[in-house]
Amino acid sequence: MIKIKKIPAALMLLGLSAASLPSFSAELIQNGGFESNGADVYSINSWNTAEDGILGSVLVENDTVTDASGRNTVGAASGNYYGLLDSAAPSNQALYQTFSTGAVSSATLTFQMFVNNQSANGTQINASGLDYTTGGSFDSNQHVRVDLLSAGANVFSTNSADILQSLYLGGSNGNSVIGGDIANPYLSYSFNLSNTLAAGGSYTLRFSSVTNEGQMQLGIDNVSLSVTPVPEPDTYAMLLSGLGLMGFVARRRTKA
């Protein structure tokens with residue numbers, strides 16, 4: 001019978017390629033559940049807001065009746081709080097967060113969102129983008145959009161050069177009713193941003209709305225952007241040198 005000598009695990013590890021070395025995930029969005037703020041907070045930790053036409057309609061909410069428009073919603077998706085864009089009059093709003101990353105091998109964005117369009121005229125997407133005046137003509141413009149922007153872009157820009165990846169463009173994502181109001185449940189969204197973020201850099205995640213046909217509420221919760229960074233060459237070198245040392249110790253033990 002041929003006896004096969006057991007190869008120490010450390011020596012087996014030395015045969016690993018750089019591609020098979022351990023990878024580590026990182027979270028790029030801060031306060032994605034809006035739980036680090038109290039209710040009715042307009043200065044939102046880790047997030048920025050922008051409004052035009054009406055003020056005080058982008059906030060952290062914990063109630064099921066909105067402050068600005070007095071409309072019914074389903075409240076938070078989890079925890080106590082959620083981000084809310086509550087358009088009560090002709091206006092446009094944005095809730096956004098800018099982040100930076102090095103090169104990544106994978107990136108997945110997830111969030112939960114409801115859109116309640118109270119206008120009987122439904123969704124209206126005008127070529128003027130997020131301009132509630134539609135270039136001064138006040139033609140119908142009533143919709144929501146979610147985008148990944150280049151970090152230096154104007155927060156209300158809809159120029160193709162500024163939008164790296166469009167994630168949502170539309171109106172109500174359902175027709176559920178509570179107390180006579182459109183009050184939809186949250187829907188879960190997931191997007192692969194691996195190619196867009198592959199080289200690394202600075203980016204802005206934007207949730208936005210524009211209304212001039214009636215009230216609309218955009219609720220956001222549990223925003224997460226999980227990435228797997230590409231290790232720097234010196235990180236690989238350290239890992240491989242560590243494995244080499246383990247192999248050397250294993251060989252000495254084998255000979256002893």
Side-chain angles (χ1 to χ4, degrees), residues 28-34 36-61 66-69 71 73 81-100 109 111-119 123-136 138 140-171 189 201-221 223 225:
L28 297 185
I29 297 298
Q30 305 302 310
N31 192 26
F34 303 95
S36 68
N37 293 98
D40 302 334
V41 172
Y42 296 89
S43 180
I44 306 173
N45 292 343
S46 303
W47 294 87
N48 295 293
T49 65
E51 302 176 81
D52 189 18
I54 185 173
L55 302 180
S57 57
V58 183
L59 69 160
V60 172
E61 182 64 270
T66 66
D67 286 5
S69 63
R71 296 285 186 169
T73 78
Y81 306 108
Y82 62 106
L84 178 67
L85 281 66
D86 184 18
S87 175
S91 56
N92 46 280
Q93 298 86 24
L95 175 66
Y96 61 100
Q97 185 171 145
T98 297
F99 61 90
S100 298
L109 172 70
F111 55 85
Q112 291 174 278
M113 182 176 78
F114 66 74
V115 183
N116 302 334
N117 186 1
Q118 310 299 338
S119 171
T123 302
Q124 305 288 330
I125 302 175
N126 190 278
S128 64
L130 292 169
D131 176 7
Y132 75 95
T133 74
T134 54
F138 284 89
S140 297
N141 201 12
Q142 182 99 357
H143 65 273
V144 161
R145 63 182 304 146
V146 183
D147 303 285
L148 185 69
L149 305 175
S150 55
N154 182 289
V155 70
F156 288 122
S157 174
T158 54
N159 294 331
S160 58
D162 293 328
I163 298 177
L164 303 178
Q165 193 163 336
S166 181
L167 308 172
Y168 184 90
L169 177 62
Y189 296 86
S202 294
Y203 309 90
T204 296
L205 176 64
R206 175 186 68 188
F207 297 87
S208 58
S209 65
V210 57
T211 58
N212 65 10
E213 286 285 318
Q215 297 178 347
M216 184 159 61
Q217 295 76 45
L218 167 60
I220 308 142
D221 209 350
V223 186
L225 178 52

Spacing of [atom1] belonging to [X] relative to [atom2] belonging to [Y], to within rounding of 0.5 Å:
X	Y	atom1	atom2	answer
Asn45	Ser36	CG	OG	4.0 Å
Asp40	Thr66	CG	OG1	10.5 Å
Leu225	Leu205	CG	CG	7.5 Å
Ser87	Leu84	OG	CG	10.5 Å
Ile44	Tyr96	CD1	OH	11.0 Å
Leu59	Asp67	CG	CG	6.0 Å

Donor-acceptor pair, [X] side chain versus [Y] backbone, under 3.5 Å?
X	Y	result
Asp221	Gln112	no
His143	Gln124	yes
Ser157	Asn159	yes
Asn212	Asn141	yes
Gln97	Ile29	no
Thr211	Glu213	no

Side chains of [X] and [Y], donor plus acceptor under 3.5 Å:
X	Y	answer
Ser91	Gln93	yes
Ser46	Asn31	no
Thr134	Asn126	no
Ser119	Asn117	no
Thr73	Tyr82	yes

Give the minimum heavy-atom separation between [X] and [Y], together with the two atoms involved.
X	Y	answer
Ile220	Val223	CG2-CG2, 3.5 Å
Tyr203	Ala151	N-CB, 3.8 Å
Ser208	Leu85	CA-CD2, 3.9 Å
Ser150	Ala161	OG-O, 4.5 Å
Val210	Gly129	CG1-O, 4.0 Å
Leu167	Leu109	CD1-CD2, 3.4 Å

Do [X] and [Y] make a side-chain contact, defined as non-hydrogen atoms from C-beta onward lying under 4.5 Å apart?
X	Y	answer
Thr204	Val155	no
Val144	Thr123	no
Arg206	Leu130	yes
Ile163	Leu149	yes
Val115	Tyr168	yes
Glu61	Phe34	no
Tyr132	Asp52	yes

Sole residue of Arg71, Gln142, Gln118 in side-chain contact (heavy atoms from CB on, under 4.5 Å) with Met216: Gln142
Using the side-chain contact (heavy atoms from CB on, under 4.5 Å) rule, take Gln217 and Phe114 through it: C-alpha gap first, then chi angles, then the decisive distance, then the call. CA-CA 8 Å; Gln217 295 76 45; Phe114 66 74; 4.3 Å; yes
Kindly assign one of parallel, tilted or perpendicular to the pair Phe111 and Phe207, based on the angle between their ring planes and the thresholds 30° and 60°. perpendicular
